[in-house]
2 protein chains.
Amino acid sequence: MQNDVAHRRLRELILDGTYPPGARLTELDAAAALQMSRTPVREALRALAANGLVRPTGRGVVVVALDPADLEDAYQVRAALEALTAETAARRQRDGRIAPADLVALEDLAATTAGATDAGRLSEAVALNRRFHRRVAELAGNAIALDTLDRVWDQIHVSTLRSLAPPARHAHVTAQHTDLLAAIRAGAPEEAGRVARLHVLDTRASAGDLSARPA
Amino acid sequence: MQNDVAHRRLRELILDGTYPPGARLTELDAAAALQMSRTPVREALRALAANGLVRPTGRGVVVVALDPADLEDAYQVRAALEALTAETAARRQRDGRIAPADLVALEDLAATTAGATDAGRLSEAVALNRRFHRRVAELAGNAIALDTLDRVWDQIHVSTLRSLAPPARHAHVTAQHTDLLAAIRAGAPEEAGRVARLHVLDTRASAGDLSARPA
DNA sequence: ACTGCATGCATTGCATGCAAACAATGCGCG
DNA sequence: CGCGCATTGTTTGCATGCAATGCATGCAGT
């Protein structure tokens, strides 16, 4: 009950845009693509549907394509949860329950992310950015929040794939990362939560602008 | 791709305690219980795992049993999301985007819930309580938040099944419901969010106390 | 030309069979 | 008496086959 190759591979194919939002996918298609029989593919499709990456539709499934309103909703959820995890992480730091090495590693990651962003290595920057946010959430030590965030991140990722544009004001984004780290390091929960929420909502703003004028 | 009888029925069996937290479940067992072949059951099990109701373990799956720390985490997530939805609902009300009938219906539901709680009809009260919270979340019109909350509610529900004790201070709980409704009706987002968060965390306190001294 | 219907086809739902993995058990050997 | 190893049984992973469903296509009748 843990050999989900089909699930993992299909998730990859969706996240990297091979199956873009709105793409219809039948069991047979997917099975052919993965060179497997329909059985494991069916299971994977169910799991993906449960994770909100794919939506059942009459025959077959379609890759989710969040409309602007849904995307806004997703960002609201993400903001609420990242505020929670940032706040929790800061509290843990204040209580001395965070290993100094973890904080340093996180600061390194932030720097690497900023570097990739500045250099315009887009997809790498996106991946690093997600890893940064995920690490922050990990610091909170809330497995359920992390799990939930993974879902939301995936959903947002899929629906913002086409707008893989460089963040308009990436110096701003980098600065916000720095602020967040500072608040966590200082053990200031309130501040960390506030910064995290605003940062997510800022990201939304740019993604929203882009998704407002696509195909 | 939407005929999940197996998924729905297994979910029911887990939520109503037929398969209690920690129960091990093999595909064959479940298939026998549902009188189906293993194939649809496997799909259901994968979906349940994706929804966090069941956890893969070596052979077969076990029904999730959140330890007290995880339960606390789940309540934190729930509180953050219910604060968001309450806040959003209040904002919508303020902007006149909520049908008056919906608010009235919600107040009725709150009254019914209070009645069942007072009368000590425990399982009915639990069900009504969840419906009340769900309706509030629906008012926010955020489908993704609702979806996410459903997951978290399910997870919490499973792990608090054994402690089906009457809420210690149910007058208090009822009062908080009233306060929440008032804040929404008044179109006071900040207040609604605050009340919702505190209400959830209060609930947690009592559930936590109970789960601290179980089997 | 348009509507209604029937036929065919794509696609899903489910069962069954088989092979591989893993765990437990019992056996032989030291 | 204890330890290691082989054997057996359980359970999963996957493929295939078949039946049922619903959609699209084309034909006929108006």
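Residue numbers begin at 1 in each chain, while the letters A, B, ... track the order of the sequences.
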Polar atom pairs between nucleotides 22-25 of chain C and protein, under 3.5 Å, N or O only, would you list them?
from	atom 1	to	atom 2	distance (Å)
C:dC22	O4'	B:Arg59	NH2	3.3
C:dC22	O2	B:Arg59	NH2	2.7

*Residues in salt bridge (charged side-chain N to carboxylate O under 4.0 Å, His left out) with B:Glu27, at least two apart?*
B:Arg38, B:Arg42
*Please work out which residues in residues 41-48 of chain B have a non-hydrogen atom less than 4.0 Å from an atom of DNA chain D and list them by number.*
B:Arg42, B:Arg46
*Please list, chain by chain and in numerical order, all residues satisfying ring-ring contact (aromatic ring centres under 6.0 Å, His included) with B:His199, sequence neighbours excluded.*
B:His133, B:His177
*Give, ordered by number, those residues of residues 22-38 of chain A having at least one heavy-atom distance below 4.0 Å to an atom of DNA chain D; if nothing qualifies, reply none.*
A:Met36, A:Ser37, A:Arg38
Let me have the donor-acceptor pairs involving side chains of residues 96-107 of chain B, under 3.5 Å, with sequence neighbours excluded, atom names and distances please.
from	atom 1	to	atom 2	distance (Å)
B:Glu107	OE1	B:Arg185	NH2	2.9
B:Glu107	OE2	B:Arg185	NE	2.9
B:Glu107	OE2	B:Arg185	NH2	3.2

*Does a donor on one side chain and an acceptor on the other come within less than 3.5 Å for B:Gln176 and B:Asp202?*
yes
_Quick check: do A:Val158 and A:Ile14 have side-chain heavy atoms less than 4.5 Å from each other?_
yes
*asked:* Among residues at least two apart in sequence or on other chains, which ones pass salt bridge (charged side-chain N to carboxylate O under 4.0 Å, His left out) with B:Arg46?
replied: A:Asp4, A:Glu43
*For A:Asp29, all residues meeting side chain to side chain contact (heavy atoms under 4.5 Å, CB included), sequence neighbours excluded*: A:Leu25, A:Thr26
*Which whole-number value in Å describes the distance from B:Asn3 CG to C:dG13 C1'?*
7 Å
_Tell me which pairs pass salt bridge (Lys or Arg N to Asp or Glu O under 4.0 Å) where either residue lies in residues 10-25 of chain A, with sequence neighbours left out._
A:Arg11-A:Asp154
*asked:* For a 4.0 angstrom threshold against heavy atoms of chain A, report the outermost contacting nucleotides of DNA chain D in 5' to 3' order.
replied: D:dT12 to D:dG22
*Using a 4.5 Å cut-off on heavy atoms from C-beta on, say whether the side chain of A:Val173 contacts that of A:Thr203.*
no
*Qualifying salt bridge (Lys or Arg N to Asp or Glu O under 4.0 Å) pairs, either residue in residues 54-77 of chain A, two or more places apart*: A:Glu72-A:Arg204
*Would you name the heavy atoms of B:Glu82 and B:Ala196 that are closest together and state the gap between them?*
O-CB, 3.7 Å
*Non-neighbouring partners of A:Arg121 that pass side chain to side chain donor-acceptor pair (under 3.5 Å), sequence neighbours left out*: A:Glu124
